[in-house]
Enquirer: 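Quick one: this structure, given as structure tokens, is what I'll be asking you about.
All chains are named by letter (A, B, ...) in the order of the sequence lines, taking the proteins before the strands, and each is independently numbered beginning at 1.
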There are 2 protein chains.
Amino acid sequence: MSPEEFREQGKQIIDWIADYYETVEQYPVLSQVKPGSIKNQLPLVPPEKSESIGQIMNDVNSIIMPGITHWQSPNFYAFFPSNSSGPSVLGDLLSSGLGVQGMLWATSPACTELETRVMDWLADMLQLPEKFRSTATGGGVIQDTASSAALTAVLAARERKTGYQTNENGCSGNLVAYVSSQTHSSVEKAVKIAGIGKNNMRLVDVDENLAMRSDLLESTIQNDIKKGLIPFFVCGTVGSTSTNAIDPLPEIGEICRKYNLWLHIDAAMSGTAAICPEYRFILNGVELADSFSFNPHKWMFTNFDCNCFFVADRSVLIKTLSILPEYLKNQATESGAVFDYRDWHIQLGRRFRSLKLWFVIRHYGTEGLRYHIGEHIRLAQEFANRVRQSDDFELVTPAPLNLICFTHKKGNDFSKKLLETINQSGKMYFTHTVIRGKYVMRMCIGQTHTVEQHVIQAWETIKNTAKNLI
Amino acid sequence: MSPEEFREQGKQIIDWIADYYETVEQYPVLSQVKPGSIKNQLPLVPPEKSESIGQIMNDVNSIIMPGITHWQSPNFYAFFPSNSSGPSVLGDLLSSGLGVQGMLWATSPACTELETRVMDWLADMLQLPEKFRSTATGGGVIQDTASSAALTAVLAARERKTGYQTNENGCSGNLVAYVSSQTHSSVEKAVKIAGIGKNNMRLVDVDENLAMRSDLLESTIQNDIKKGLIPFFVCGTVGSTSTNAIDPLPEIGEICRKYNLWLHIDAAMSGTAAICPEYRFILNGVELADSFSFNPHKWMFTNFDCNCFFVADRSVLIKTLSILPEYLKNQATESGAVFDYRDWHIQLGRRFRSLKLWFVIRHYGTEGLRYHIGEHIRLAQEFANRVRQSDDFELVTPAPLNLICFTHKKGNDFSKKLLETINQSGKMYFTHTVIRGKYVMRMCIGQTHTVEQHVIQAWETIKNTAKNLI
């Protein structure tokens, strides 16, 4: 493709995206297609001859778009958001255009050094303790997802506890990890991947707010020690996926200190709230953690993928994951003066992801970010009030931030039917969880363009659909 | 950011990228900055107030660009390429703009179904056996890197061998993996991550062409079985990173069948050559494999990240990696009629990466892809001939495809000095390896815009710099 054609087609796609953002509310939020219907419209074999970008874009419009669930619609309230923004898309475009691969400092020093600085900015914005900064013993690195971050934390914990001998000799079957029954499934996946085994992961029970009970954590640890097992890892959650529960990090952290366990904090969505001083309390106790991660690709206007993983002692991470074959050796690495981020995660190759984060933080400013996050929480709290004041609905859990969990008083079957009916209408998209046998609807407010009118409209849709169903 | 501002700034960045491609040869290929020099120009704290995209782009030009190593320069011959192209950048831009997260079929059916179809196209282009297609027992999935693909393969192999009990109970310390001394370091990393332990990974010796010796593979396996150990995994390589060596897959595959071991084939860069009928022979034996991966983000004009991982029996993969918490349950998944690709890799969240691959394959057509790959190999073979005909240089290994390994006859110190001098000149960038104590220069020809004149110029630069150094 010539630079001229790239200019022309690129500008058309920029316009296409801008048009999409202007019209996104016209699409059904949840795609209404049937399994196989997209695939069946695509040729069985690849084209032999070149086709034009215009032809491809025609197929995007006619074949792909009906199969899109619109995560960037302001009426998307499902799961956790994966919100994006103009500056993020532009920063990501620049990253695609530059096409650098930052596995080593030398393979693009700017890719490493911008990341280091931007991660220190985030540590500043979240008021993380000094130890998590590159200027101290730790530092941050961009990973793809909170799943990979959790795996990385489990591995570092495993190696620190076994004196880096598991890497050499394999797992010995006596390490034990601790999570709550509400911890994200990615930690179970990480424990399996790392060869620890699900049966060596304890599901500590939760309190009435669905937060981990630290008393049960400690007694479980003591019980395992008595059996001759070796506790090594705890995951504390700030804002569980199911209900936004917040584990008592200060108590958990003290227990981890006492028994020398690695404390990882998963704040995938809710961590972003800590950039607002009035919500910084959710991270109280992070000073006792060994690692911490949150996803700007969920609630900080940065398009997927962008997980930020912070570690208090980077030397443990690097000793756990470093491998240096001859063909990657270079003077900068040997000098010890640089970070080679490929030693900070599973993958070797890495994209220039700090660009989009840099664009987002500078475009919004910390002031702008705080404003928009604060607004989402305010709108969610207003929604919670509407539920509280309603005769037909009730809140199921506390709603500390931007996730509201509620049911219809007519019970599980009705709530399920209500949710499915609304999602099939295409007007909005929200999802469910199950809490102590209750089918619970979840409204998570965090899409970039969701404003008051959308949330009011969502509540009306829910109320009216329920009335019609009765 | 308003749609109007997005249009205006987006078009300027499109122009910026087109300008960059037109002028990329004017930059030193390897960044010449000193450690810390980029970071030190960036503010220590994030901006409180919003800044304009214009301000950010000024800093891109003045601060970031000197710290870029230009992977998209036609004079980039280092490591393996990470080549990109206009259609790929545009497809990736569309993916960023749509901002969908395809963890489940339901969260954007088009994201899953386009991927399934495009992966089947690639199976077609590479003439992979039927079993690797979605229409049979297997299928392909896009992963980020060959490292993650190798880890996924190790995990599936581990679980198949242990009846899915390692996921439950942890590693038992008696599983053994087999690679050659030339296998990519990512497999060692995967073996460590999976709790197998490096000491349970055998480095099988190689023949004079640096390919795995299948006789030694078998005797090593037999020896381990005698010791009561459990062989479970072999990685065969098509185009090793160091020298592009090709392991004898048919023999290795027969051994894997005989002893019931999982055979994973890592063809990260070189797999792309198999789309040319005259080079398809490099994959002979793939019919005996359980999994296969290659990276369109290396040599198939698709910007990072895009690894294509194929598995012969998807049920093993899914049983190994599937986790289904309540909040991810949905009708489509329960119907069994759809793929949920989050069960095919480590991460939960996933980007719409098949778009860029679809753009690339349709823009080039299979004909165009074969032409450009064939040209790279032709240019590399011409370079190899120049080395053969030279009095001062010599080839160190066979050069089956697009990687040429050579030394200067004045020995290791001279070759090293030569390479470093040229890289510091900024005229081109190539890297080294060490083979049997020899310091070896590597020229890998695969950048999208590298044509004959660049390779001739590279050879002149190498020859003339050597003369000047003597």
Enquirer: Keeping the roles fixed (side chain from Tyr21(B), backbone from Gly97(A)), state whether a donor-acceptor pair exists under 3.5 Å.
Expert: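 Confirmed, Tyr21(B) side chain pairs with Gly97(A) backbone.
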
Enquirer: Supply the atom-to-atom distance Leu321(B) CG to Arg342(B) CZ, rounded to the nearest 0.5 angstrom.
Expert: 10.5 Å

Enquirer: Examine whether an atom of Asn167(B) lies under 4.5 Å from a heavy atom of chain A, and if so say whether it belongs to the side chain, the backbone or both; otherwise answer neither.
Expert: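 The answer is both parts of Asn167(B).
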
Enquirer: Where does Ile435(B) contact chain A at under 4.5 Å (heavy atoms): side chain, backbone, both or neither?
Expert: neither

Enquirer: Under a 4.5 Å cut-off applied to non-hydrogen side-chain atoms, are Val89(B) and Leu93(A) in contact?
Expert: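 Yes, at least one pair of side-chain atoms sits under 4.5 Å.
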
Enquirer: Would you indicate whether Lys329(B), at its atom NZ, is surrounded by more than 12 heavy atoms from other residues, nucleotides or ligands within a distance under 6.0 Å?
Expert: yes

Enquirer: Nearest heavy-atom pair of Thr69(B) and Pro109(A): which atoms, and what distance?
Expert: OG1-CD, 3.9 Å

Enquirer: I'd like to verify something: which residue of Ala194(A), Ser335(A), Ala337(A) has the highest number of heavy-atom pairs under 4.5 Å with chain B?
Expert: Ala194(A)

Enquirer: Please name the residue in the list His345(B), Gln347(B), Arg350(B) that meets the side chain to side chain donor-acceptor pair (under 3.5 Å) test with Asp144(B).
Expert: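 Exactly one option meets the side chain to side chain donor-acceptor pair (under 3.5 Å) with Asp144(B), and it is Gln347(B).
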
Enquirer: Count the heavy-atom pairs under 4.5 Å between each of Val33(B), Ile361(B), Asn200(B) and chain A, then report the option with the highest count.
Expert: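 Going by pairs under 4.5 Å, I would pick Val33(B).
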
Enquirer: Below 4.5 Å from any heavy atom of chain A, which atoms of Pro66(B) appear? Answer side chain, backbone, both or neither.
Expert: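 Pro66(B) has no heavy atom closer than 4.5 Å to chain A.
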
Enquirer: Heavy-atom pairs under 4.5 Å with chain B: which of Leu30(A), Ile346(A), Leu369(A), Leu348(A) has the most?
Expert: Ile346(A)

Enquirer: Is the CD atom of Glu22(A) crowded by more than 12 outside heavy atoms at less than 6.0 Å?
Expert: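 Atom CD in Glu22(A) is packed in, count exceeds 12.
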
Enquirer: Under a 4.5 Å heavy-atom cut-off, does chain A meet the side chain of Val60(B), its backbone, both or neither?
Expert: both

Enquirer: Assess whether salt bridge (charged side-chain N to carboxylate O under 4.0 Å, His left out) is satisfied between Arg117(B) and Glu113(B), documenting all intermediate values.
Expert: CA-CA 6 Å; Arg117(B) 183 50 48 94; Glu113(B) 296 198 7; over 6 Å; no

Enquirer: Parallel, tilted or perpendicular, judged at 30° and 60°: which one describes the rings of His297(A) and Phe304(A)?
Expert: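 Tilted, since the angle between the ring planes falls between 30° and 60°.
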
Enquirer: Side chain from CB out, backbone as N, CA, C, O: work out which of these in Asp15(B) comes under 4.5 Å of a heavy atom of chain A, or both, or neither.
Expert: both

Enquirer: Against chain A, work out which of Gln9(B), His184(B), Met65(B), Lys192(B) has the most heavy-atom pairs shorter than 4.5 Å and name it.
Expert: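 Heavy-atom pairs under 4.5 Å are most numerous for Lys192(B).
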
Enquirer: Please state whether the side chain, the backbone, both or neither of Ile193(B) comes within less than 4.5 Å of a heavy atom of chain A.
Expert: both

Enquirer: For each of Ser84(A), Gly197(A), Ala190(A), tally heavy-atom pairs with chain B at distances under 4.5 Å, and name the one with the top tally.
Expert: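 The answer is Gly197(A).
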
Enquirer: Specify which of Arg442(B), His363(B), Gln55(B), Gln72(B) makes the most heavy-atom pairs with chain A at under 4.5 Å.
Expert: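 Among Arg442(B), His363(B), Gln55(B), Gln72(B), the one with the most close pairs to chain A is His363(B).
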
Enquirer: List the residues meeting ring-ring contact (aromatic ring centres under 6.0 Å, His included) with Tyr20(A), not counting sequence neighbours, and say none if there are none.
Expert: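 Listed in chain order: Trp16(A), Tyr27(A), His70(A).
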
Enquirer: Among all residues two or more places apart in sequence or in another chain, which pass the ring-ring contact (aromatic ring centres under 6.0 Å, His included) test with Phe352(B)?
Expert: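 ring-ring contact (aromatic ring centres under 6.0 Å, His included) check on Phe352(B) returns nothing, list empty.
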
Enquirer: Count the heavy-atom pairs under 4.5 Å between each of Gln331(B), Glu51(B), His432(B), Arg362(B) and chain A, then report the option with the highest count.
Expert: Arg362(B)

Enquirer: Is chain A contacted by the side chain of Thr366(B), its backbone, both, or neither, given a heavy-atom distance below 4.5 Å?
Expert: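 Both parts, backbone and side chain.
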
Enquirer: Tell me, out of Gly349(B), Ser52(B), Ser242(B), who's got the most heavy-atom pairs with chain A below 4.5 Å.
Expert: Gly349(B)

Enquirer: Would you give the length of the straight line joining atom CD1 of Ile56(A) to atom CG of Leu90(B), rounded to the nearest 0.5 angstrom?
Expert: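 If I round to the nearest 0.5 Å, the distance is 9.0 Å.
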
Enquirer: So what's closer than 4.5 Å to chain A heavy atoms on Asp19(B): side chain, backbone, both or neither?
Expert: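 Looking at Asp19(B), backbone and side chain both touch chain A.
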
Enquirer: Given the options Ser147(A), Ser185(A), Ser108(A), Gly36(A), which has more heavy-atom pairs under 4.5 Å with chain B than any of the others?
Expert: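 Max contact count across the listed options: Ser108(A).
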
Enquirer: Relative to chain A, which segment of Thr135(B) carries a heavy atom at a distance below 4.5 Å: side chain, backbone, both, or neither?
Expert: neither

Enquirer: What part of Val338(B) gets closer than 4.5 Å to chain A, counting heavy atoms only: side chain, backbone, both or neither?
Expert: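 Interface part for Val338(B): side chain.
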
Enquirer: With side chains defined as the heavy atoms from C-beta onward, is the minimum distance between Leu355(B) and Asp92(B) less than 4.5 Å?
Expert: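 Of all side-chain heavy-atom pairs linking Asp92(B) with Leu355(B), none is under 4.5 Å.
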
Enquirer: What part of Leu122(B) gets closer than 4.5 Å to chain A, counting heavy atoms only: side chain, backbone, both or neither?
Expert: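 Neither part; nothing is under 4.5 Å.
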
Enquirer: Less than 4.5 Å to any heavy atom of chain B: does that hold for the side chain of Asp59(A), its backbone, both, or neither?
Expert: both

Enquirer: Counting heavy-atom pairs closer than 4.5 Å to chain B, which one of Gln41(A), Gln101(A), Glu4(A) comes out on top?
Expert: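 Sorted descending by pairs with chain B, the first entry is Gln101(A).
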
Enquirer: Between Asp120(A), Leu114(A), Thr241(A), which shows the greatest number of heavy-atom pairs under 4.5 Å with chain B?
Expert: Thr241(A)

Enquirer: Taking the basic N atoms (NZ, or NE/NH1/NH2) and the acidic carboxylate oxygens, is any pair closer than 4.0 Å for Asp305(B) and Arg351(B)?
Expert: no

Enquirer: Under a 4.5 Å heavy-atom cutoff, which of Val100(B), Thr320(B), Leu151(B) has the most pairs with chain A?
Expert: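 Among the listed options, the one with the most contacts to chain A is Val100(B).
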
Enquirer: Taking Ser95(A) for its side chain and Gly91(A) for its backbone only, find out whether a donor-acceptor pair lies under 3.5 Å.
Expert: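 No, because the side chain of Ser95(A) does not come within donor-acceptor range (under 3.5 Å) of the backbone of Gly91(A).
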
Enquirer: So what's closer than 4.5 Å to chain B heavy atoms on Glu159(A): side chain, backbone, both or neither?
Expert: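 For Glu159(A), there is no contact with chain B at all, as no heavy atom is under 4.5 Å.
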
